[in-house]
Amino acid sequence: MNSPEQPLPTFDEVLLCTPQTSAEQVGLFLRRCLIPCPGGDKIYTMLYADELSYDVSCRAEELFQRLQCYNSSYRLIILCNCERENSYLPSAFSHYKVHMIPQRSRAEMQQYLQHHFRVAQPSCSAAAVFKEHMCAGIVSSKRAGMGK
């Protein structure tokens, strides 16, 4: 996010973890992150790693320990719910823990995201539904199940 032209992460740089995420999916993701390849300036991110099952978390840690010797300059971010930081994977990687303070203001982050999510030519698309022709949006309600 150093410049507005810097791209958003691509599909291969992000793993959104759920309790159903398999060890194979995590393994493929870690291999992409830890095995050097051309164009390796990517920053890999595991979101909600605390959601992984115990078995998958154990296998992920073992694979990480085996593969990290191949690449000393990997860039991996593991984001977890702070209320579940005692689950297996966050605990296993706790010695790598870094407390982060956002370096950009909320307004700057919003501008960056708006730059990348705005539809160039307004047309008959779903983007017309969202504010300022954005192709992504958040819909919320204070009352559950009210047709969001």
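In what follows, every heavy atom counts, from backbone to side chain, and hydrogens, waters and symmetry copies are set aside.
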To the nearest 0.5 Å, what is the distance between [atom1] ([X]) and [atom2] ([Y])?
{"X": "L47", "Y": "L15", "atom1": "CG", "atom2": "CG", "result": "8.0 Å"}
{"X": "L16", "Y": "L79", "atom1": "CG", "atom2": "CG", "result": "11.0 Å"}
{"X": "M109", "Y": "Q103", "atom1": "CE", "atom2": "CD", "result": "9.5 Å"}
{"X": "R66", "Y": "L30", "atom1": "CZ", "atom2": "CG", "result": "10.5 Å"}
{"X": "C33", "Y": "D12", "atom1": "SG", "atom2": "CG", "result": "11.0 Å"}
{"X": "L76", "Y": "L34", "atom1": "CG", "atom2": "CG", "result": "6.5 Å"}

Kindly write out the residues that satisfy side-chain contact (heavy atoms from CB on, under 4.5 Å) with [X], not counting sequence neighbours, or none if the list is empty.
{"X": "F11", "value": "none"}
{"X": "Q20", "value": "T18"}
{"X": "I35", "value": "R31, L67"}
{"X": "Q25", "value": "T21, S22"}

Check the pair D50 / E83 against side chain to side chain contact (heavy atoms under 4.5 Å, CB included), numbers first and verdict last. CA-CA 10 Å; D50 54 291; E83 294 173 3; over 6 Å; no

If you take all heavy atoms of [X] and [Y], which pair is closest and at what distance?
{"X": "C17", "Y": "L52", "answer": "CB-CD2, 3.7 Å"}
{"X": "A23", "Y": "V56", "answer": "N-CG2, 3.7 Å"}
{"X": "P36", "Y": "Y70", "answer": "CG-O, 3.3 Å"}
{"X": "R32", "Y": "Y44", "answer": "O-OH, 3.3 Å"}

Any residue meeting side chain to side chain donor-acceptor pair (under 3.5 Å) with E13, in chain and number order, not counting sequence neighbours: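 For E13, the residues satisfying side chain to side chain donor-acceptor pair (under 3.5 Å) (neighbours in sequence not counted) are T10.
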
Side chain to side chain donor-acceptor pair (under 3.5 Å) involving N81 - partner list, sequence neighbours excluded: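 Side chain to side chain donor-acceptor pair (under 3.5 Å) list for N81, sorted by chain: empty.
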
What residues form a ring pair (Phe, Tyr, Trp, His ring centres under 6.0 Å) with Y48, not counting sequence neighbours?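 In terms of ring pair (Phe, Tyr, Trp, His ring centres under 6.0 Å), with neighbours along the sequence ignored, Y48 is linked to no residue.
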
Partners meeting ring pair (Phe, Tyr, Trp, His ring centres under 6.0 Å) with H116 (sequence neighbours left out):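 Once residues adjacent in sequence are excluded, the partners of H116 under the ring pair (Phe, Tyr, Trp, His ring centres under 6.0 Å) criterion are Y112.
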
Give a yes or no on this: more than 12 heavy atoms of other residues, nucleotides or ligands lie within 6.0 Å of atom CD of E24.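 No, not enclosed.
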
Donor-acceptor pairs under 3.5 Å, side chain of residues 86-98 to any protein atom, not counting sequence neighbours: which ones?
{"residue": "S87", "atom": "OG", "partner": "R84", "partner atom": "O", "Å": "2.9"}
{"residue": "Y88", "atom": "OH", "partner": "E61", "partner atom": "OE1", "Å": "2.3"}
{"residue": "S91", "atom": "OG", "partner": "N86", "partner atom": "O", "Å": "3.3"}
{"residue": "S91", "atom": "OG", "partner": "S87", "partner atom": "O", "Å": "3.0"}
{"residue": "S94", "atom": "OG", "partner": "S91", "partner atom": "O", "Å": "2.9"}
{"residue": "K97", "atom": "NZ", "partner": "E85", "partner atom": "OE1", "Å": "2.9"}

D55 and S57 side chains, donor-acceptor separation under 3.5 Å: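 No, D55 and S57 have no side-chain donor paired with an acceptor closer than 3.5 Å.
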
